[in-house]
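What follows is a short report on a single structure.
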Amino acid sequence: MEKIINVTLKVWRQAGPKASGKFETYKLDNVSTDSSFLEMMDVLNEKLIGERKEPIAFDHDCREGICGMCSMFINGHPHGPDGEITTCQLHMRAFKDGETITIEPWRSAAFPVIKDLMVSRGAFDEIIQAGGFVSVNTGGVPDGNAIAIGKDIADEAMDAATCIGCGACAAACKNGSAMLFVAAKVSQLALLPQGKVEAAHRAKVMVAKMDELGFGNCTNTGACEAECPKNVSISHIARLNREFLSAKFRD
Amino acid sequence: MAKNEESTVVEASKIDARIPAGPLAEKWSNYKAHQKLVNPSNKRRLDVIVVGTGLAGASAAASMAEMGFNVKSFCIQDSPRRAHSIAAQGGINAAKNYQNDGDSVYRLFYDTIKGGDYRAREANVYRLAEVSSGIIDQCVAQGVPFAREYGGLLDNRSFGGAQVSRTFYAKGQTGQQLLLGAYSALSRQVGKGAVKLYSRYEMLDVVVIDGRARGIIARNLVSGKIERFFAHAVVVGSGGYGNAFFLSTNAMTSNASAAIQMYKKGAYFANPAYAQIHPTCVPVHGESQSKLTLMSESLRNDGRIWTPKRKEDAEAIRAGKLKAADLKEEDRDYYLERRYPAFGNLVPRDVASRAAKERCDAGFGVGNTGLAVYLDFSAAIERLGEDLVRARYGNLFQMYEKIVDENPYKTPMMIYPAIHYTMGGIWVDYELQTSVKGLFCIGEANFSDHGANRLGASALMQGLADGYFVLPYTIQNYLADQIQVPRMSTELPEFEQAEKDVNDKIKKLLSIQGKKSVDSLHRELGLIMWDFVGMGRNKAGLEIALEKIKEVRKEFWSNVYIPGKQDDMNNELEKALRVADFIEIGDLMARDALQREESCGGHFREEYQTPEGEALRNDEEFSFASCWKFNGDGVDPILLKEALDYEFIHRQQRNYKA
Amino acid sequence: MWLIDSSIGRKLIMSITGVFLVLFLLFHSCMNIVVIISPASYNAICEFLGANWYALAGTMLLGAGFIVHILYALFLSYQNYRARGGQAYAVTKNQESVTWTSQNMLILGVIVFGFLALHMYNFWYKMQFAELTGLHTGDFHPADGAAYVKQLFSQPVYCVLYLVWLSALWLHLTHGIWSAMQSTGLNNKVWLPRIKAIANVVSTIIILMFMSIPVYYLLGCGSCC
């Protein structure tokens, strides 16, 4: 049932990429436990606007857990303490009355802060641009049923493909590594016959781009998998390692 | 070869959809065989701007770049992959007939026309059905992991409004997978340098020079800087305008601003009244609600919809004194099964939505707001067992439980309709060109193909059809004449003026410094829209809506408060610019709904219904697409009509009772 | 060179040297257990691994493995520190599935390395080193390993120190072994839990064999025999 709680929010405020940031504390009363975390943020922003203060900038869009736009490191977890969801799916019932909630932006050298809780995840786009695709042009492709694909293979590729590119993996990783993100794409396309043709090249260029952009080295802590809102498995990282190493040894 | 459609009444202009001559099934082939093309060396010299990176925008940008054009792609989010196409769950239709159940291009065409309540253009819809199978092949080649059967071939599911299984899907995330496919194709071109990507940019105006679209003005959302961009042609795929209702299933940044800017630069806005309401959304919980979440329509396959039979029970449930599960079978009113014995809980979206609203308006609604009805799986669990229900709907049940904190296996789910998709949009001809030369519109942003109502799993099909297989051809017919046109300087007076207009508008908004927040005004607009321009509309209500929208407009332009500066990241300013345009679209919707004195598809006028309460079309007088032409700020727009000639299909009244 | 430039290449080096060191530990622990069963046989092994070219080559290779493993660990840790960015999180919490060990491999490594220096002084310096240089550094003959073992572990403080050390090594191994498999790509969804179990079993066997010796002497079993 709906309850009304009061919370204290410790929010990271930073005017711009080069500005130095600090925590600001806000008290927010009468929050419905039925409202989502972002709706609570909306209420806080409305309050700030009412006080003629600048509202808090944060990324969000679809608010149903699929676009991957929302970020925020809440009480020590990317996307908050509840499992298997994004910040926009987090509800205030996950918090207690009187609780202090600390909200920080993703922290990773490759994800510079743009403003307040907003970071740039352009690095992920750059990695995909380097090779996260199958090189086919529009038209002139064979029939969709021309190549049969085993259901288990298709399902495993789908599991990898559910990645929403939110960056929680890199944000959770103590090494700032983007391996789970890269692995999800490499693994998806390496599993499918359509992507297998250039799998070796793809693994090499995507890893090279990932390293170039300043992401860290994976040390298999598994924090990425534990915090991934879509439960992408680190077994895909093993496949990426395999693809990459066999590509390099073949060279 | 082009055929003229006569239209008159309000303005005696001719609306020419430029539909190729010939039999229906040969129009597109004929068009392609005779259209003008651009040779490879000339393509390099032509620039195309594509606004939006959803299914339509991303696929169009990628396909045109592959052909050799220079493409500039703009997206409002931080990455093209976040466009709202990603949220589509169910699937994508294609006339593959893999299931050997009698599907064909003609049948998909027919179902789409009928589903759209005979308010779409035959030639466009036929082309859509024709290119549909190529989309599936294309996506498979890109590595989209569609669901497969044990034999390794593609699986299909059935969807509302069709008697065949032609829907391809990737778990409950088909939109995501298709968008990521298009995004990867786009990314490949960005990596090659064929597409220049501008993310966190919002288009604020179209630049028209000598009657042709030649560029856009866009705001860099990070720096706040207003920038000018030239192109030989401009393509807009900016999605629908459902957020005029404030609460909708659209994403927070989904907006109508690009469409309204095109409209103000001379592109007609067609059929704004056609908006689709989806019956199975999670109900509003209270004041702070920011958006609505849709749950797949497939839930209605096994769930039964009901409200209490007695008002006292409904009141007791709302007050928390009575639990739904405790209400006896004979005290429940399965109103869809009662009213529509043949289709029961599987009536089309518009019918199911209206019936829910009718029950709630009559005082039988449940939930703390009284704006919800039950979707009950207890019978299905008894019949199929909890495990099978979990296998079919587990992810949806989990999503519901995360939002509402109630276990749907034990307590009936609560649902309520919400605005979901807008069939109306910028008017385009057969080539997807608007009434402004060189300005094209694709995907949900245009008005074509779905008529007055869209069938499930057809939005993805249309977006990708436009982007992969239609626009990249038709735009060449225009660009072939542009090869002599050199790249223009963005210092031209037209660019200067457009930028100045944008700047003036922003300065004006920032100078108001009133008392109301942008969101609160948007919410006011949304309430008016929902109450008067929502599921059930009538003359008196629409007239009230027009008055009230006028008041909101006045209030907005005199009392909005926007903190922050122009030349900085400023989310409130972004929202204000969008709300200013939502007010315009709200006005157009109400106007269009008022003039259309009939009920059809997503447009239901209470005055025009059958004795049984069903939509009553008027083909004699309203067989046209209403095209609204901008006539200056503060002046009523002009209505033009594109007559819809049904040459190949015989029109019938939709009937879901028997 | 991709073994230096690429993150996965660097991890491959960590894995290969790590696996090599695990194999060494396995051998070392098997050898050690002999001292309990038969001190004389143990001494024969010590004799065999004295100042011979093969023992020397083995030692050099082993040393190289250690050095590469440590240098790469430092290099990787530095890069990872940089990748985290300048600002640390104010609040961090781990999910249950994330082990403390996995996040503290460097610290465990440093502990292991620190004790290793002591261990080298306790045994290697007095045995192989003495034999090589001809210097008499210990109380017994360089090949009388059993005597050295007995002497050291008759002091409870060394027993405790060695037990602490071995505990740290055990933690390091539980993550290191499966992690090496993961980094070389020898893993998948089915084998993930199996490999983790194998890693735990192997590292526990190694450490128990090592631990049995100080415990054996601590309990005074060595002197009564």
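Below, chains carry the letters A, B, ... as their sequence lines are ordered, and counting in each starts from 1.
- The 12-atom threshold is not exceeded at OH of C:Tyr121, counting heavy atoms of other residues, nucleotides or ligands nearer than 6.0 Å.
- Looking at C:Arg84, its side chain never comes within 3.5 Å of a backbone N or O of A:Gly176 through a donor-acceptor pair.
- A side-chain donor-acceptor contact under 3.5 Å links C:His175 to the backbone of A:Thr219.
- Within a 6.0 Å radius of CH2 in C:Trp2, other residues, nucleotides and ligands contribute more than 12 heavy atoms.
- For the residue pair A:Arg242 and C:Gly185, the shortest heavy atom distance occurs at NH1-O, 2.6 Å.
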Practice prompt. Could you walk me through whether A:Phe215 and C:Ser7 pass the side-chain contact (heavy atoms from CB on, under 4.5 Å) test, one step at a time?
Written response: CA-CA 9 Å; A:Phe215 288 103; C:Ser7 57; over 6 Å; no
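- Checked by atom type and distance alone, the side chain of C:Asn80 pairs as donor or acceptor with a backbone atom of A:Asn217 at under 3.5 Å.
- Residue A:Ala170 does not touch chain C at all, counting heavy-atom pairs closer than 4.5 Å.
- Contact of A:Pro105 with chain C is made through the backbone alone, with heavy-atom distances under 4.5 Å.
- Only the side chain of A:Asp211 comes within less than 4.5 Å of a heavy atom in chain C; its backbone stays farther off.
- Neither the backbone nor the side chain of A:Ile74 comes within contact range of chain C; no heavy atoms are under 4.5 Å apart.
- Taking OG from C:Ser183 and CG from A:Leu245, the interatomic distance works out to 9.0 Å, rounded to the nearest 0.5 Å.
- If you measure heavy-atom distances from A:Thr102 to chain C, the contacts under 4.5 Å come from the side chain alone.
- Distance check, rounded to the nearest 0.5 Å: CD of C:Gln95 to NE2 of A:His77 gives 5.0 Å.
- Interface remark: of the candidates A:Gly216, A:Ala238, A:Ser235, A:Ala238 forms the most heavy-atom pairs closer than 4.5 Å to chain C.
- Across all non-hydrogen atoms, the minimal contact from A:Ala226 to C:Val98 is CB-CG2, 3.9 Å.
- Of all the heavy atoms in A:Phe249 and C:Leu12, the pair that sits closest is CZ-CD2, 3.8 Å.
- C:Asn187 touches chain A through backbone and side chain together, each having a heavy atom under 4.5 Å away.
- For a residue to count as touching a neighbouring chain, one of its non-hydrogen atoms must lie under 4.5 Å from one of that chain's; by this rule C:Trp178 touches chain A with the side chain only.
- Atom OH of C:Tyr81 has 12 or fewer heavy atoms from other residues, nucleotides or ligands within 6.0 Å.
- Side chain of C:Lys11 to main chain of A:Cys218: a donor-acceptor pair is present (N/O by atom type, distance under 3.5 Å, no hydrogens or angles).
- The local environment of CH2 in C:Trp170 is sparse, with at most 12 non-hydrogen atoms from other residues, nucleotides or ligands closer than 6.0 Å.
- Taking each heavy atom of A:Lys174 and C:Gln103 in turn, the nearest pair found is CE-O, 3.1 Å.
- Judged by distance alone, the side chain of A:Glu104 and the main-chain N or O of C:Val91 form a donor-acceptor pair under 3.5 Å.
- Nearest heavy atoms, A:Arg107 versus C:Tyr89: N-OH, 2.9 Å.
- Within 6.0 Å of the CZ atom in C:Arg82, the count of heavy atoms belonging to other residues, nucleotides or ligands does not exceed 12.
- No part of A:Ala208 comes within reach of chain C, as not one of its non-hydrogen atoms sits under 4.5 angstrom from that chain.
- Interface remark: C:Leu192 contributes side-chain atoms only to the contact with chain A (heavy atom separation under 4.5 Å).
- Annotation: the span from C:Gln87 atom CD to A:Ser20 atom OG amounts to 9.0 Å, rounded to 0.5 Å.
- Only the side chain of A:Ser233 comes within less than 4.5 Å of a heavy atom of chain C; its backbone N, CA, C and O stay farther away.
- Nearest heavy atom pair, residue C:Gln182 against residue A:Asn241, reads O-ND2, 2.8 Å.
- Other residues, nucleotides and ligands place more than 12 heavy atoms under 6.0 Å from the OH atom of C:Tyr54.
- Between the CD atom of A:Glu227 and the OG atom of C:Ser97 there is a distance of 8.0 Å, given to the nearest 0.5 Å.
- At a 4.5 Å heavy-atom cutoff, A:Phe111 makes no contact with chain C through either its backbone or its side chain.
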